[in-house]
Every structure is written in C-alpha cells, then in structure tokens.
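Here is the structure we will look at, set down as structure tokens.
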2 protein chains.
Amino acid sequence: MARPREFDEDAVLDAAVACFWRHGFDATSIRDLVGQTGLTAASLYNAFGDKRSLFRLALERYIAGGIGPRLARYEAAPPLDGVRGYLDDVVARSLDDPASKGCMVVNAALEFAAQDAEFRPLIIGTFARIEAFFLDCVRRGQGDGSITRAMAAEDLALHCLAVLMGVRVLARIRPERAVLNGAVAALLAALAARPEERLDGAADRSERGMT
Amino acid sequence: MARPREFDEDAVLDAAVACFWRHGFDATSIRDLVGQTGLTAASLYNAFGDKRSLFRLALERYIAGGIGPRLARYEAAPPLDGVRGYLDDVVARSLDDPASKGCMVVNAALEFAAQDAEFRPLIIGTFARIEAFFLDCVRRGQGDGSITRAMAAEDLALHCLAVLMGVRVLARIRPERAVLNGAVAALLAALAARPEERLDGAADRSERGMT
DNA sequence: TGCGTTTTAGTATGATCGTTCTAGAATGAC
DNA sequence: GTCATTCTAGAACGATCATACTAAAACGCA
C-alpha cells in the first residue's frame, strides 16, 4: 500500500561500513555517506536513524560479517592451529587491504574508548568473545599437550588477545609481512609446549600435581 | 623592544598534550584548547601556528617527556629486567590514569594511520625506537643466556612491540590490573630462557651450531 | 484511475568548526 | 614621556557539520 524502498539495505550498510571503517566515526560526514551509499540524507535518516544509530548498525554488521565467521572458522580446529589460523587470517587480510584499515572494532575502541557508554558494551563484548575463543584453544591445547602448561591459561589467552590487538595496530602503520608475521610467529612459538612437556602427557600431568 | 609573552610555553604545551591525549586531534577543538590553556585563540595561533602544528608540538613533547625517559630508564638494565621494567611501567601508568588515555602515539597512529604523510614519520620513528630498545634487550639477553634463543631476536622484539601496543589498546577499554598483568606476564615467561638453555651457556651455544 | 502513503530530491537551519580581524592594553628602547 | 612593537581580548568570518523541512514523484491497492 505504499511505495517500496528503492535501495538494498544490506548494500547501503556495507557502504556505511566501508566509510566508517576507513575514516572512523567523527571523520565520516553524512555527506560522505550520502556519496558512498548513493541515497540521500533524508533516506538515510528515515531508514537508519541518526549518525550514531547508523554507526552502530555498521559496527554490528562488521562484527557479524568479519569477526563472527572467523571465530566460527577456527573454533573446531586443533588448539594451536586454531590460534595460528585466526592470527594468520588477520595478518593475511591486513596485508591484502591497500587502505590498511585495520580492525573496525579496535579503531572504534580507541576512538570512543571509555568515554562512550553506548558503544562500550558492544566493543568489550566483542573482545570478550575473541578472548574466550583463545582461552578455549589454550585450555584444549593444555589438555592435549600441544600448548605449554608453564603459564596459566587465562594469562596465555590475554597474551594472544594483546598480540592480536598489537598486530591490528601495527598493520595500520607498518603493513609489512615480515613485521606482522614476526610478531605472530614468536607468539606461536611461545604457546607451543616445550619438548619436555610433550614426552609423556600423563607423567607430565602427575608431575605437576594435577588430576 | 616589545611586550614580552605573558604565558609559559611549556605549561601551555602541557595543557595541549592533555587535551589531545585525552580526546585525539579531531575531537579537540580550538575552543577546548583555549579553555584548557587559559590563553586566547589569537595567542595560540600566534605562538604555535595552526591546529596541526600545535598537535605536532604536543606529540613531540609527549614523546620527549614520556617515551624517551622511559627508554632511557631501562636501557642499561639487565635484558629481561629492561623489558619487564618497561612494560610494568606502562601497565602501572595505565592503571594510574583514571581517564584511560592510553598512549598518545598509539592513539595518533590509529587516528591518522597511513593517510597522513605529515605525522607518519614521527609515529613510525617512535615505534622504531621502542622496537630497537626491545631488540637490544633481546640480543643482549640471548647473549648472556637470560632470553631464549629458540626464536629469532627480530621476531621476539616485534613480539614485545605487539604486546606493548596490545596493552595500550586493552588499557583504554579494560583498564584492569589482572588483564594487563596477565598479558605481560605471559610475554615475560615466553621470553625467558628455557631451563635446559640455562644449564650451560657455552655448551648450549655450540650445540646450536653458533660461534 | 485515483487515493493514501512513503519514497525521493534538494534546500534550510542552527550549531560548531578552524581561522582571522579589529581593537586596545602593555611593554622595552630611546 | 613617546614610539614602535607585540601582546591580549573577543567578535566575526566562511565553511562544514548533523539534522529537519518542503515539495514533488512513485508506488500498492481500491
């Protein structure tokens, strides 16, 4: 009974993601969005609300389309392969991107940081998901003997998260394969169980007073 | 032969650092700076040039006052203590800061990233200095047996740099002692020489085909 | 075909941005 | 004390910002 929408919401949101991802929230103007999405300011406001709402939708779309699938892709992998796969994936995409946009969530985290109550939960929650993924990998790896038990699983997971964020930062200013791979390679070597840990899983476990 | 300046340039620059550090470049307005520095827009422009020039001066002051002294403080320490000291210092200051401003250089790196030709060299150069510090620690540590030789010194240094940046990002959104210390603790444990590496430095070196 | 609705397109609005201009006040050199 | 110079104060400028408004055009359904 009314005129149907002429544009594809998903395509518009993708364009919004591209704008916000590249330039951030503040540096992206409504005019930029109008230009990139191809529709008018009135349509944007009518369909998505104000700029903050559109940013939230774009960020959620980025997370749902970028981070979610990546987590799913490696959650069933062998523990060390899961960590390696996730990080290699990030490195590969970082090097593939000529604009060096990094991670939109990390960028948003630093742009809004602690001061913005609306976006904080989404940002923190996303990082918590990634940390939980790493923690799961580490725990499984410590269980099957592929990841060192010399450090607490929680600390190792945080360590992975820190390296991931460091890679995201480095990728924006020094997007060189040697740099990103070097940081990741050292992390993976640090995670791997020491040779003496791998000789006998059961002996090792009892030796450390577990079970 | 003319009226002397009534304000202290260093104090004004400190106020500018505080503004830019907390809010970044874009989100800091000249009016903010006028309010925080106490002098007028005309005086600001007369003394420091435009907003970009003032930001550059503020960033250089931040680096000279924050990062430079920290590097100097630990460059003569035993290798592992140098890395630990630097990172513990960063963690302590991050937890001390109620505004969770993180590192002004990291913030600037993500705000300007690759697109800004003027600030890139300063940012990249600063990170290079920190990386060189880590590399020096690692090389010395590998030499005296305190740091593992299981990984290339360059990769270990990049690893340290990535963790440092990760801590800077984490500190802005989750400034909790357990989080930051956990990430750092795992890094230090990863850097430390394995027990079997420490039994005999000379034997270890020949065993790996060095010298 | 024509009505009701919702889309478009483009302009208007008030706020704020970085920057500059116009004064006048204050200083050092003579 | 006077002059040249440089400071301060604050208004003013044009540009751009996010957003709202005014019409006209386009559709689904009767």
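Throughout, a chain's letter reflects where its sequence line sits, starting with A, and its residues are numbered from 1. Owing to the predicted nature of the structure, the values given are computational and were not obtained by experimental measurement.
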Next on the checklist: If you define the side chain from C-beta out and look only at heavy atoms, does anything of A:P175 sit under 4.5 Å from A:R172?
Outcome noted: no

Next on the checklist: Let's see if you can work this out: which of C:dA9, D:dT8, C:dG18 has an atom nearest to the side-chain heavy atoms of A:A42?
Outcome noted: C:dA9

Next on the checklist: Counting only side-chain heavy atoms from C-beta out, which of D:dT19, C:dT19, D:dT8 sits nearest to B:A41?
Outcome noted: C:dT19

Next on the checklist: Tell me the interatomic distance from B:L39, atom CG, to D:dT8, atom P, rounded to whole angstroms.
Outcome noted: 7 Å

Next on the checklist: Without decimals, in angstroms, what is the distance between B:L44 CG and C:dG18 P?
Outcome noted: 11 Å

Checklist entry - Tell me: CZ of B:F55 to P of C:dT19, nearest whole Å? => result 14 Å

Item to check | Length of the line joining B:I30:CD1 and D:dG10:P, which is rounded to integer Å | outcome: 17 Å

Checklist entry - To the side chain of B:K51, which of D:dA9, C:dG18, D:dT19 is closest? => result C:dG18

Next on the checklist: Is the phosphate of D:dC7 approached by B:S43 (side-chain N or O, under 4.0 Å from OP1 or OP2)?
Outcome noted: no

Item to check | Short side-chain N/O contact to D:dT16 OP1/OP2 from A:R31, under 4.0 Å | outcome: no

Next on the checklist: For B:R22, I'd like to know if atom CZ has over 12 heavy atoms of other residues, nucleotides or ligands within 6.0 Å.
Outcome noted: no

Item to check | Spacing between A:F48 atom CZ and C:dT8 atom C1', to the nearest angstrom | outcome: 15 Å

Checklist entry - Do any of residues 14-29 of chain B sit with a heavy atom less than 4.0 Å from DNA chain D, and if so which? => result none

Item to check | Which nucleotide in D:dA9, C:dT20, D:dT19 has an atom nearest any side-chain atom of B:T40 | outcome: D:dA9

Checklist entry - Distance between the P atoms of D:dA9 and D:dT5, in whole angstroms? => result 23 Å

Checklist entry - Is any side-chain N or O of B:N46 closer than 4.0 Å to OP1 or OP2 of D:dT6? => result no

Checklist outcome for this item: From CG of B:D8 across to P of D:dT8 the rounded distance in Å is 12 Å

Next on the checklist: Whole angstroms only, please: what is the OH-P distance between B:Y45 and D:dC7?
Outcome noted: 17 Å

Item to check | Value in whole Å for how far the P atom of C:dC17 lies from CG of B:L33 | outcome: 11 Å

Checklist outcome for this item: Sorted by chain and number, sequence neighbours left out, side chain to side chain contact (heavy atoms under 4.5 Å, CB included) with B:A58 holds for B:A16, B:V17, B:F20, B:M104

Checklist entry - Excluding sequence neighbours, so at least two apart, what forms ring pair (Phe, Tyr, Trp, His ring centres under 6.0 Å) with A:Y86? => result A:F133, A:F134

Show me, pair by pair, the donor-acceptor contacts under 3.5 angstrom made by side chains of residues 47-55 of chain A, not counting sequence neighbours?
unit_1: A:D50; atom_1: OD1; unit_2: A:R52; atom_2: N; d: 3.4
unit_1: A:D50; atom_1: OD1; unit_2: A:S53; atom_2: N; d: 3.0
unit_1: A:D50; atom_1: OD1; unit_2: A:S53; atom_2: OG; d: 2.9
unit_1: A:K51; atom_1: NZ; unit_2: A:F25; atom_2: O; d: 3.0
unit_1: A:K51; atom_1: NZ; unit_2: A:T28; atom_2: O; d: 2.7
unit_1: A:R52; atom_1: NE; unit_2: A:E118; atom_2: OE1; d: 3.0
unit_1: A:R52; atom_1: NH1; unit_2: A:D116; atom_2: OD2; d: 3.2
unit_1: A:R52; atom_1: NH2; unit_2: A:D116; atom_2: OD1; d: 3.0
unit_1: A:R52; atom_1: NH2; unit_2: A:D116; atom_2: OD2; d: 2.7
unit_1: A:R52; atom_1: NH2; unit_2: A:E118; atom_2: OE1; d: 3.0

Atom pairs and distances, donor-acceptor, side-chain atoms in residues 152-168 of chain B, under 3.5 Å, two or more places apart:
unit_1: B:E154; atom_1: OE2; unit_2: B:R139; atom_2: NH2; d: 2.9
unit_1: B:H159; atom_1: NE2; unit_2: A:H159; atom_2: NE2; d: 3.0

Checklist entry - Got a sec, which residues hit side chain to side chain contact (heavy atoms under 4.5 Å, CB included) with B:A27, two or more places apart in sequence or on another chain? => result A:D26, B:H23

